[in-house]
Amino acid sequence: MDKSKLLLPISIVVGCIILGGFFYAIQINKQESIERQQKLDLAVEQKQQEAKAEQDKKEYASERRNDCLNIYKTEDSKWSNVRGWRYDAEGDECYIRYKESLPKSHKECDALYPDNIEYFSQTMLCYEGEFEKTF
C-alpha cells in the first residue's frame with residue numbers, strides 16, 4: 001500500500017483525537033468553573049443567612065430589652081422600693097432591683113449566699129440592702 005493513501009486517514013484520525021482532546025479539556029474547564037461558581041454562590045448564601053440570623057437575634061434582644069423596661073415601669077408604679085433594672089441578653093433575663101424593707105447584716109448576707117463567684121452580685125446587693133427579681 002502506498003504511504004500517501006494512508007497519510008490522509010491517519011491525519012484525519014490524529015486531527016479528530018486532537019480536536020476531541022481540546023473539546024474534552026474545554027468541558028472539564030467549564031465544569032470546574034461551574035463548580036467554583038456554585039461554591040461561591042453557596043458561601044454568599046450562607047453569609048446572608050448568618051447575617052439575617054444575627055439581625056433577628058439583635059431585634060429579639062431589643063424587643064426583650066423594651067419588655068424589661070416596661071416591666072420595670074409597671075413595677076415602679078406599683079411599688080415604692082424599686083431601684084432599677086437590667087436586661088441580660090446572653091441569659092435572656094430581665095432583672096428588677098428592689099430595696100429591702102429590713103436590710104440584712106453582712107453576716108446574714110454571708111450566711112445566705114455562699115462564698116462563691118456565682119453569688120457575688122447577689123451578695124453585693126444584699127450588703128447594699130437590695131435584691132433582684134427575675135422576669
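Connection of I34 to I26 is not established within any shared hydrophobic cluster, with ILVMFWY side chains joined at heavy-atom distances below 4.5 Å, either directly or through further cluster members. Connection of M124 to Y98 is not established within any shared hydrophobic cluster, with ILVMFWY side chains joined at heavy-atom distances below 4.5 Å, either directly or through further cluster members. Linking ILVMFWY residues whenever their side-chain heavy atoms come closer than 4.5 Å, directly or via other members, places V14 and F22 in the same cluster.
Ion pair E132/R86 flagged as a salt bridge, since at least one NZ, NE, NH1 or NH2 atom sits closer than 4.0 Å to an Asp/Glu carboxylate oxygen.
Annotation: the span from N81 atom CG to I96 atom CD1 amounts to 11.5 Å, rounded to 0.5 Å. Going from atom CG of D76 over to atom CG of L69 covers 10.5 Å, rounded to the nearest 0.5 Å. Interatomic distance, CD of E108 versus SG of C126, reported as 7.5 Å (0.5 Å rounding).
For the pair A89 and A61, the tightest heavy-atom approach, listed with the atom from each and the gap, is CB-CB, 4.4 Å.
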Are D110 and Y127 close enough, and set up right, to give a side-chain hydrogen bond (donor to acceptor under 3.5 Å, both in side chains), and what steps lead you there? CA-CA 9 Å; D110 290 339; Y127 286 169; 2.4 Å; yes
When you look at Q55 and E59, which way does the side-chain hydrogen bond (donor to acceptor under 3.5 Å, both in side chains) test go after all the steps? CA-CA 6 Å; Q55 182 63 29; E59 287 174 8; 3.2 Å; yes
For the pair Q48 and V44, evaluate side chain to side chain contact (heavy atoms under 4.5 Å, CB included) and give the outcome as yes or no after the intermediate values. CA-CA 6 Å; Q48 288 173 340; V44 167; 4.0 Å; yes
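I71 places none of its side-chain heavy atoms less than 4.5 Å from the side chain of W85. Inter-residue side-chain proximity for D92 and Y87 is flagged as met; some heavy-atom pair is nearer than 4.5 Å. Considering only heavy atoms from C-beta on, L125 stays 4.5 Å or farther from F131 through its side chain.
Here the side chain of S33 pairs no donor or acceptor atom with the backbone of N29 at under 3.5 angstrom. The backbone N or O of K58 sits nowhere less than 3.5 Å from a side-chain atom of S62 that would complete a donor-acceptor pair.
Under the salt bridge (charged side-chain N to carboxylate O under 4.0 Å, His left out) criterion, K78 pairs with E75, sequence neighbours left out. Considering only residues two or more places apart in sequence or on other chains, R65 meets the salt bridge (charged side-chain N to carboxylate O under 4.0 Å, His left out) condition with none of them. Judged as a salt bridge (charged side-chain N to carboxylate O under 4.0 Å, His left out), and not counting sequence neighbours, the contacts of K104 are E100. Checked against side-chain contact (heavy atoms from CB on, under 4.5 Å), R83 has the following partners two or more places apart in sequence or in another chain: R97, K99, E130.
With 3.5 Å as the limit, one finds no donor-acceptor pair spanning the side chains of D67 and Y72. Side chains of Q46 and E50: no donor on one and acceptor on the other come within 3.5 Å.
Within the structure, every pair that satisfies the disulfide bond (SG atoms under 2.5 Å apart) test and touches residues 20-88, not counting sequence neighbours, is listed here: C68-C94.
Other members of the hydrophobic cluster containing I28, listed by chain and number, are Y24; membership follows side-chain contacts under 4.5 Å among ILVMFWY residues, whether direct or relayed.
Residue E35 is tested with Q38, Q31, Q37 for a side chain to side chain donor-acceptor pair (under 3.5 Å); the sole match is Q31.
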